[in-house]
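Notes follow the structure.
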Amino acid sequence: MAGLNKVVHSYEEALNGLTNDMTIMVGGFGLCGIPEGLINHMVKMGVSGLTAISNNAGVDDFGLGLLLKQRQIATMIASYVGENATFEQQMLSGELNVILTPQGTLAEKIRAGGAGIPAFFTATGYGTPIADGKETREIKGRHYVLEESLTADFALVRAWKADTMGNLIFRKTAANFNPMMATAGKITVVEAEEIVQPGELDPNHIHTPGIYVDRVIQASFEKRIEQRTVKASDTSAAKA
């Protein structure tokens with residue numbers, strides 16, 4: 001069983017083999033469920049020329065925005081520019097190659113890559129610039145666009161709980177893109193809030209089996225909120 005222990009104890013071990021010009025998938029939606037520590041260590045490594053696949057790029061001073069700020073990402077495959085002025089500026093200036101992809105299509109391209117499916121047809125994007133240069137086909141009276149699947153050299157994901165064998169549980173909306181990305185990386189690295197021993201996770205609740213995972217590292221998270229929205233308190237009753 002010792003040979004199945006996938007826990008590493010440093011970010012150097014976790015990201016060993018990551019070099020310039022590689023393709024990375026990074027889980028998260030906005031700032032929810034992002035592998036904060038892995039991103040921060042990539043900034044310290046100084047790797048450049050990266051192709052990053054992620055729903056969006058965080059904000060200017062957190063998440064993937066830190067890699068953009070240091071000009072470490074050359075191509076961004078995403079569905080949303082988000083609250084990131086650096087991302088927007090680099091895209092509009094042509095400094096950053098951006099492949100905007102409908103969100104559902106992006107999710108399916110990743111899922112298909114993890115399942116070994118090279119491409120699929122979708123009606124989303126037909127008749128728009130999304131379909132330019134792509135094969136289209138009419139099936140049963142409806143038009144579809146052929147979309148190729150996505151894989152990556154490294155998939156960096158965030159889990160709520162992991163066991164030492166790499167079985168994963170994600171918590172609520174922090175799951176987002178993480179489970180599908182975990183299946184689509186040649187090397188999948190998991191940053192977990194809690195690591196437990198084999199047998200401590202309920203098999204019925206495991207979202208990603210350890211067969212997909214190569215490395216697991218324990219981390220603590222800042223869990224920053226992208227847009228803090230609170231309801232104004234009603235003080236009239238108190239005053240009365």
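Scanning all heavy atoms of the two residues, the minimum distance from N55 to Q103 falls at OD1-NE2, 2.8 Å. The nearest pair of heavy atoms linking I169 to H207 is CA-ND1, 3.6 Å. Heavy atoms only, all atoms of each residue included: P179 and A175 are closest at CD-O, 3.0 Å. Contact detail for G27 and N178: the closest heavy-atom pair is CA-OD1, 3.3 Å. Heavy atoms only, all atoms of each residue included: I73 and A52 are closest at CD1-CB, 3.9 Å. Shown here for S149 and G113, the closest heavy-atom pair between the two residues is CB-N, 3.5 Å.
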Practice item. Determine, stepwise, if the pair D163 / Q197 fulfils side chain to side chain contact (heavy atoms under 4.5 Å, CB included). Key: CA-CA 5 Å; D163 67 18; Q197 293 302 310; over 6 Å; no
Point to revise | side chain to side chain contact (heavy atoms under 4.5 Å, CB included) evaluation trace for L15 with L38 | key: CA-CA 8 Å; L15 292 175; L38 292 169; 4.0 Å; yes
**Study point:** Step-by-step side chain to side chain contact (heavy atoms under 4.5 Å, CB included) determination, D214 to V189
**Key:** CA-CA 6 Å; D214 298 283; V189 184; 6.0 Å; no
Check your understanding: Would L66 and N40 count as a side chain to side chain contact (heavy atoms under 4.5 Å, CB included) if you check the C-alpha gap in whole Å, the side-chain angles of each, and the deciding distance to 0.1 Å?
Key -> CA-CA 8 Å; L66 296 172; N40 291 339; 3.3 Å; yes
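Formation of a donor-acceptor pair under 3.5 Å by the R111 side chain with backbone atoms of L106 is not found in this model. Between the side chain of N84 and the backbone N or O of A57 there is at least one donor-acceptor pair closer than 3.5 Å. A donor-acceptor pair is defined here as one N or O able to donate and one able to accept, closer than 3.5 Å; no such pair exists between the side chain of D60 and the backbone of G65. The backbone N or O of V145 sits nowhere less than 3.5 Å from a side-chain atom of T122 that would complete a donor-acceptor pair. A donor-acceptor contact shorter than 3.5 Å links the side chain of R158 to the backbone of I34. At least one donor-acceptor pair closer than 3.5 Å links the side chain of T188 to the backbone N or O of A182. Judged purely by atom type and a 3.5 angstrom limit, N56 uses its side chain to pair as donor or acceptor with the backbone of G30. E13 places no side-chain N or O within donor-acceptor distance of the main-chain N or O of V8, the cut-off being under 3.5 Å. Within the 3.5 Å criterion, the main-chain N or O of G210 finds a donor-acceptor partner in the side chain of N167. Without hydrogens or angle criteria, S54 side chain to V26 main chain gives a donor-acceptor distance under 3.5 Å.
At a threshold of 4.0 Å, the pair E147-K109 counts as salt-bridged, since one of the basic side-chain nitrogens sits closer than that to a carboxylate oxygen. Ion pairing between R171 and E193 fails under the 4.0 Å rule for side-chain N and carboxylate O. Between E200 and K161 there is no salt bridge, since no side-chain nitrogen of the basic residue lies less than 4.0 Å from a carboxylate oxygen of the acidic one.
Side chains of L67 and V43 form a contact here, defined as non-hydrogen atoms less than 4.5 Å apart. Counting heavy atoms from C-beta outward, P102 and I130 have side chains that approach closer than 4.5 Å. Using a 4.5 Å cut-off on side-chain heavy atoms (C-beta onward), V47 and L50 make contact. Residues S79 and L100 are not in side-chain contact: their nearest non-hydrogen atoms beyond the backbone lie 4.5 Å or more apart. Residues L146 and T136 are not in side-chain contact: their nearest non-hydrogen atoms beyond the backbone lie 4.5 Å or more apart. With a 4.5 Å cut-off on side-chain heavy atoms, I24 and T51 do not count as touching. Contact check for H9 versus Q218: no side-chain heavy atoms found under the 4.5 Å cut-off. Contact check for F177 versus I110: side-chain heavy atoms found under the 4.5 Å cut-off.
Sorted by first and then second residue, the ring pair (Phe, Tyr, Trp, His ring centres under 6.0 Å) pairs involving residues 96-130 (not counting sequence neighbours) are Y126-H143.
Under the 4.5 Å side-chain heavy-atom criterion for ILVMFWY residues, a single connected hydrophobic cluster contains both I187 and L156. Residues L201 and V213 do not share a hydrophobic cluster, defined by chaining ILVMFWY side chains whose heavy atoms lie under 4.5 Å apart. Both F170 and V190 are members of a single hydrophobic cluster when ILVMFWY side chains are connected at heavy-atom separations under 4.5 Å. Linking ILVMFWY residues whenever their side-chain heavy atoms come closer than 4.5 Å, directly or via other members, places L18 and I39 in the same cluster. By the rule that hydrophobic residues join a cluster once side-chain heavy atoms approach within less than 4.5 Å of another member, V7 and L168 end up as members of one cluster.
Few gaps surround CD1 on I139; more than 12 heavy atoms of other groups in view lie less than 6.0 Å from it. Atom CD of E194 has more than 12 neighbouring heavy atoms from other residues, nucleotides or ligands inside a 6.0 Å radius.
For the residue pair N5 and T164, no side-chain donor N or O sits within less than 3.5 Å of a side-chain acceptor on the partner. In this model, a donor atom of one side chain and an acceptor atom of the other lie less than 3.5 Å apart for E191 and Y11.
Just one of L64, N97, V81 meets the side-chain contact (heavy atoms from CB on, under 4.5 Å) condition when paired with M76; it is L64. The side-chain contact (heavy atoms from CB on, under 4.5 Å) test with L92 is passed by exactly one of E95, Q90, Q89, E88: E88.
To the nearest 0.5 angstrom, M42 atom CE is 10.0 Å from F154 atom CZ. The structure places CG of L150 at 9.0 Å from CE of M181, a figure rounded to the nearest 0.5 Å.
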